[in-house]
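Below you'll find the structure, written out as structure tokens, and then a few comments.
Hydrogens, waters and symmetry mates play no part in the numbers below; they use all other heavy atoms, side chains included. Every chain is numbered from 1, with letters handed out A, B, ... down the list of sequences.
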There are 2 protein chains.
Amino acid sequence: MQLSNTALFQGITQEEIARMLACFHARTERCAAGDTVRTYGHGPEAVGILKSGALSIERMELDGGRTLLESLAPGGIFGEVLAFSSLAHESMLVVAHAPSEILFIDYAHILKRCEKACAHHSLLVRNVLRLVSDKTVRLSERIEVLSCRTIREKLLCYFGLCAAQAGARSFTLPTSLSGLAEYICADRSAMMRELGRMREAGLVQTEGRRITLPEKPF
Amino acid sequence: MQLSNTALFQGITQEEIARMLACFHARTERCAAGDTVRTYGHGPEAVGILKSGALSIERMELDGGRTLLESLAPGGIFGEVLAFSSLAHESMLVVAHAPSEILFIDYAHILKRCEKACAHHSLLVRNVLRLVSDKTVRLSERIEVLSCRTIREKLLCYFGLCAAQAGARSFTLPTSLSGLAEYICADRSAMMRELGRMREAGLVQTEGRRITLPEKPF
DNA sequence: AAAAGTCTATTGCAATTGCAACAGTTTGGA
DNA sequence: TCCAAACTGTTGCAATTGCAATAGACTTTT
């Protein structure tokens with residue numbers, strides 16, 4: 001895992017990164033599969049970058065249940081939101097699903113002005129800001145989808161976003177149909193039923209995960 | 001409107017702010033009620049701070065309709081997400097609802113390291129980061145609410161969040177009941193009906209906007 | 001090669017929901 | 001003060017949806 005390929009260190013050379021990590025007092029932790037790496041919700045926070053292995057971010061419900069929030073592959077970053085927010089009453093778990101190496105950087109070090117060495121410090125800050133902003137945009141899009149009243153509207157709204165992103169009326173879903181149902185928070189069988197009706201009505205063409213919208217009659 | 005009272009400049013003295021604004025090449029624009037201040041979605045972006053007046057952020061739908069995203073009071077900030085995101089294919093409007101004064105700062109200046117003067121520059125960056133992160137947390141909470149399948153679950157989920165925030169089983173809704181229905185994306189009358197049922201079932205007590213949850217039997 | 005797990009697909013049925021319509025109350029301006 | 005606009009409250013009805021159950025296809029692991 002080259003850190004220079006991660007979203008956090010994008011645009012910074014490997015040598016610069018090495019110098020910055022020293023300056024930031026970054027530290028690497030190792031853990032085994034099944035370990036709970038962190039619980040968030042209190043104390044001075046740190047941002048984590050997964051160097052190798054696999055992590056999942058889960059949310060602790062009041063009733064003790066857990067909800068999967070995110071799955072992280074090497075290069076992924078976590079804690080960037082909670083670390084910088086002043087709200088953050090959530091309690092979250094970071095769980096390892098494989099032996100993992102994680103690099104931690106205290107958020108205070110990222111923000112603090114540093115006197116020497118780190119010429120690329122401002123680039124790092126820009127990257128963090130971009131990461132958090134991107135997440136906000138993704139969440140806003142999902143809210144837009146979820147705010148539709150019917151499954152049909154939700155699907156059309158989501159497909160519209162996908163088509164805009166692909167720049168074409170035809171695109172492939174990034175997830176399984178089951179995943180799509182979860183994304184739009186609808187029952188999978190009800191969604192399949194509605195998809196069928198929409199196909200009949202000529203609102204979409206589907207071929208597995210390949211979706212094609214009809215030409216706009218604008 | 002004192003800039004030192006805004007979330008963006010929190011913790012920075014008025015004199016420091018004056019110096020920073022010069023350093024950032026900040027500029028003030030004035031506009032009349034009804035003016036479209038900005039359309040986002042392209043070009044080098046700027047962050048705007050409303051000094052006086054009233055603004056609303058609206059989203060342009062494909063069909064030409066508009067959705068209200070946010071209403072801004074003096075001290076409010078806009079553009080902080082789109083300015084820093086790399087996704088951002090949205091098109092948004094900023095519309096004035098009263099004669100307004102708006103301070104614009106190019107995002108590039110906020111991020112750029114500045115050689116002299118701005119000792120509090122890093123505090124400003126921290127504030128931006130906190131603003132964006134807070135917004136992310138709020139959006140995540142709303143998604144959590146919207147991901148519930150039934151109106152009853154949505155309400156209980158939302159009330160749970162409110163109670164946690166208030167630190168008490170009793171709290172006052174920040175919006176009207178109509179606003180609440182909009183927040184949970186449900187039909188108002190259906191929500192009223194369900195609220196009635198929940199009252200009967202002893203799941204909540206309501207008195208106008210005052211909500212009280214029963215003691216937890218955990 | 002078998003097994004376990006996930007994904008796709010379909011259907012009946014009961015429950016929830018959106019919609020439309022109406023009426024009384026409160027709020028904020030003109 | 002009076003009017004308009006927004007908010008609260010309620011109901012019938014049709015449509016959508018979630019849930020449960022079932023089954024075949026596909027993947028990955030053992």
Quiz item: Which whole-number value in Å describes the distance from A:Met191 CE to C:dC7 P?
Solution: 12 Å

Practice problem: Note down the inter-axis angle between the two ends of the helix from C:dA1-D:dT30 to C:dA30-D:dT1, five pairs each, to the nearest 10°. | Solution: 60°

Exercise. Ignoring hydrogens and angles, tell me if any N or O in the side chain of B:Arg169 forms a donor-acceptor pair with the backbone of B:Leu213 under 3.5 Å.
Key: yes

Exercise. Rounded off to whole Å, could you give me the CZ-to-P distance for the B:Arg197 and D:dG9 pair?
Key: 16 Å

Quiz item: Do A:Ser56 and A:Ser71 have side-chain atoms, one donor and one acceptor, less than 3.5 Å apart?
Solution: no

Quiz item: Which residues in residues 147-157 of chain B have at least one heavy atom lying under 4.0 Å from any atom of DNA chain D?
Solution: B:Arg149

Quiz item: Between B:Arg197 and B:Glu200, is there a side-chain N and carboxylate O pair less than 4.0 Å apart?
Solution: no

Quiz prompt | Separation of D:dG9 P from B:Met198 CE (nearest whole Å) | solution = 15 Å

Practice problem: May I ask you to check whether B:Thr172 and B:Arg209 show a side-chain donor-acceptor distance below 3.5 Å? | Solution: no

Quiz item: Taking the side chain of A:Ser189 as heavy atoms from C-beta outward, which of D:dA20, C:dT8, C:dT17 is closest to it?
Solution: D:dA20

Quiz item: Is there a donor-acceptor contact under 3.5 Å linking the side chains of B:Glu101 and B:Thr28?
Solution: no

Self-check item: Minimum-distance nucleotide to B:Arg193 side chain [options: C:dT11, C:dA9, C:dG18]
Solution: C:dG18

Quiz item: Quick one, which residues of residues 171-187 of chain B touch DNA chain D with a heavy atom under 4.0 Å?
Solution: B:Ser176, B:Leu177, B:Ser178

Quiz item: Going from OG1 on B:Thr6 to CD1 on B:Ile49, what distance comes out if it is rounded to the nearest 0.5 angstrom?
Solution: 6.5 Å

Quiz item: Where each residue is assigned the nucleotide of DNA chain D containing its nearest heavy atom, which of B:Arg188 and A:Glu194 is assigned the position nearer the 5′ end?
Solution: B:Arg188

Quiz item: If you check the B:Arg209 side chain, which of C:dT11, D:dC7, C:dT17 turns out closest?
Solution: D:dC7

Quiz item: Excluding sequence neighbours, so at least two apart, what forms side-chain contact (heavy atoms from CB on, under 4.5 Å) with B:Arg126?
Solution: A:Leu111, B:Leu123

Exercise. Would you please classify the geometry between the A:Tyr158 ring and the A:Tyr183 ring as parallel, tilted or perpendicular, with 30° and 60° separating the classes?
Key: tilted

Quiz item: Excluding sequence neighbours, so at least two apart, what forms side-chain contact (heavy atoms from CB on, under 4.5 Å) with A:Ala96?
Solution: A:Cys31, A:Val37, A:Leu55, A:Ser100

Quiz item: Is the count of non-hydrogen atoms from other residues, nucleotides or ligands lying under 6.0 Å from B:Glu182 atom CD greater than 12?
Solution: no

Exercise. Let me know the distance between NE2 of B:His97 and C1' of C:dG29, rounded to the nearest Å.
Key: 18 Å

Practice problem: Report the distance from atom CE of B:Met192 to atom C1' of C:dG18, rounded to the nearest whole Å. | Solution: 16 Å

Exercise. Applying side-chain hydrogen bond (donor to acceptor under 3.5 Å, both in side chains), name anything that partners A:Arg199, two or more places apart in sequence or on another chain.
Key: A:Thr206

